[in-house]
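Please read the structure below before turning to the comments.
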Amino acid sequence: MNRRTRIRLSAATAIAACALSLTACNTGSTVTDKPKAAPASKSSGEKPAAKKSKAPDVAKVGDTIALKGTDDGSKLDVTVVKVVDPAKGADEFTTPESGKRFVGIQFRLVNTGSVAYNDSPSNGAQISDADGQQFQTTFGDISAGPSMASEVKLKPGAKALGWIVFEVPKASKVSVVQFGMDSGFAQQTGEWKLS
């Protein structure tokens with residue numbers, strides 16, 4: 001059993017235990033698709049605080065969503081940077097199952113909180129197709145670039161960048177991607193429209 005598999009199994013066990021305890025005290029989860037507004041351009045000659053660019057109504061590729069974790073002071077700015085669909089495996093051994101394809105989503109995580117972020121980002125990500133079918137991540141490197149680390153630790157102000165890979169049926173039309181902190185168990189989940 002390789003290191004990534006052990007980490008994933010450990011995370012899944014911990015998540016299952018947490019899920020049982022969280023079910024009793026769940027005060028309501030939210031899914032947000034409202035991106036942060038971009039700061040005003042300084043080249044316009046306006047004072048930076050005078051006017052800010054209006055954020056789009058729904059987050060899309062390139063937009064950032066501010067998310068909160070379960071712990072006080074746990075916050076991330078999460079950006080879907082790029083999407084590659086279909087994505088090609090990094091080598092001849094990395095291929096999707098028959099009838100399926102890889103979809104790669106590049107995420108940028110910036111710790112905007114006051115406490116360290118320590119999580120496995122791929123555990124909190126999933127994509128959905130136009131029919132509402134949801135798909136979890138898969139292990140595999142793609143030729144588009146380096147994968148997101150299986151365990152990410154960020155001090156306040158630090159950032160991480162990497163690809164998270166999904167395996168979906170060839171006929172599925174991928175429409176949204178979601179990301180949640182705390183391996184997806186935080187009460188707030190970000191959602192980006194892909195098509």
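Only heavy atoms go into these numbers, but all of them, side chains included; no hydrogens, no water, no symmetry mates.
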If you take all heavy atoms of Gly69 and Ala186, which pair is closest and at what distance?
-> CA-CB, 4.0 Å
Taking all heavy atoms of Ser147 and all of Asp141, pick out the closest pair and write down the distance.
-> OG-OD1, 2.6 Å
Name all residues meeting the side chain to side chain contact (heavy atoms under 4.5 Å, CB included) criterion together with Val165; count only those two or more places apart in sequence or in a different chain, and write none if there are none.
-> Phe102, Thr138, Ile142
Partners meeting side chain to side chain contact (heavy atoms under 4.5 Å, CB included) with Pro156 (sequence neighbours left out) | Asn111
Please answer: with hydrophobic residues joined when any side-chain heavy atoms are less than 4.5 Å apart, are Val78 and Val174 in the same cluster?
-> yes
Are Val152 and Met181 co-members of a hydrophobic cluster defined by side-chain heavy atoms under 4.5 Å apart?
-> yes
Residues Pro35 and Ala59: closest non-hydrogen pair is CD-N, 3.7 Å
So which residues get pulled into Phe93's cluster when ILVMFWY side chains under 4.5 Å apart are joined, directly or through others?
-> none
Polar side-chain atom of Asp91 near backbone of Thr94 as donor-acceptor pair, under 3.5 Å | yes
In the single-linkage hydrophobic clustering (I, L, V, M, F, W, Y; side-chain heavy atoms under 4.5 Å), do Val83 and Val168 co-cluster?
-> yes
To the nearest 0.5 Å, how far apart are OG1 in Thr189 and CG in Leu67?
-> 7.5 Å
Can you name the side-chain hydrogen bond (donor to acceptor under 3.5 Å, both in side chains) partners of Gln126, sequence neighbours left out?
-> Gln134, Gln136, Gln178
Spacing of Ile105 atom CD1 and Trp192 atom CH2 [to the nearest 0.5 Å] | 10.0 Å
Quick one: side-chain hydrogen bond (donor to acceptor under 3.5 Å, both in side chains) partners of Asp72, sequence neighbours excluded?
-> none
Residues that Asp77 engages under salt bridge (charged side-chain N to carboxylate O under 4.0 Å, His left out), provided they are two or more places apart = Lys36
Do Ser74 and Val115 come close enough that some side-chain heavy atom pair is under 4.5 Å?
-> yes
Who are the salt bridge (charged side-chain N to carboxylate O under 4.0 Å, His left out) partners of Lys153, not counting sequence neighbours?
-> Glu151
Rounded to the nearest 0.5 Å, how far apart are CG of Leu161 and CE of Met148?
-> 6.5 Å
Identify the residue among Thr32, Val80, Val177, Val31 that makes a side-chain contact (heavy atoms from CB on, under 4.5 Å) with Glu191.
-> Val31
Separation between CG (Leu76) and NZ (Lys159), nearest 0.5 Å, reads 14.0 Å
Pairing residues for Val84 by the side chain to side chain contact (heavy atoms under 4.5 Å, CB included) criterion, not counting sequence neighbours | Ala87, Ala144, Trp163
Check the side chains of Ser183 and Asp119 for a donor-acceptor pair under 3.5 angstrom, ignoring hydrogens and angles.
-> yes
Please round to the nearest 0.5 Å and tell me the distance separating atom CZ of Phe107 and atom CD1 of Ile164.
-> 5.0 Å
Quick one: side-chain hydrogen bond (donor to acceptor under 3.5 Å, both in side chains) partners of Ser175, sequence neighbours excluded?
-> none
Could I get the full list of side chain to side chain contact (heavy atoms under 4.5 Å, CB included) partners for Glu97, not counting sequence neighbours?
-> Lys100, Glu167
Separation between CG of Asp129 and NZ of Lys173, rounded to the nearest 0.5 Å | 10.5 Å
Phe135: partners by ring-ring contact (aromatic ring centres under 6.0 Å, His included), with sequence neighbours left out | none
Partner set under side-chain hydrogen bond (donor to acceptor under 3.5 Å, both in side chains) for Arg101, not counting sequence neighbours | Asp85
Flag side-chain contact, heavy atom, 4.5 Å: Leu109 against Tyr117 | yes
Work out which heavy atom in Pro121 is nearest to a heavy atom in Ser150; give both atom names and the distance.
-> CD-O, 4.3 Å
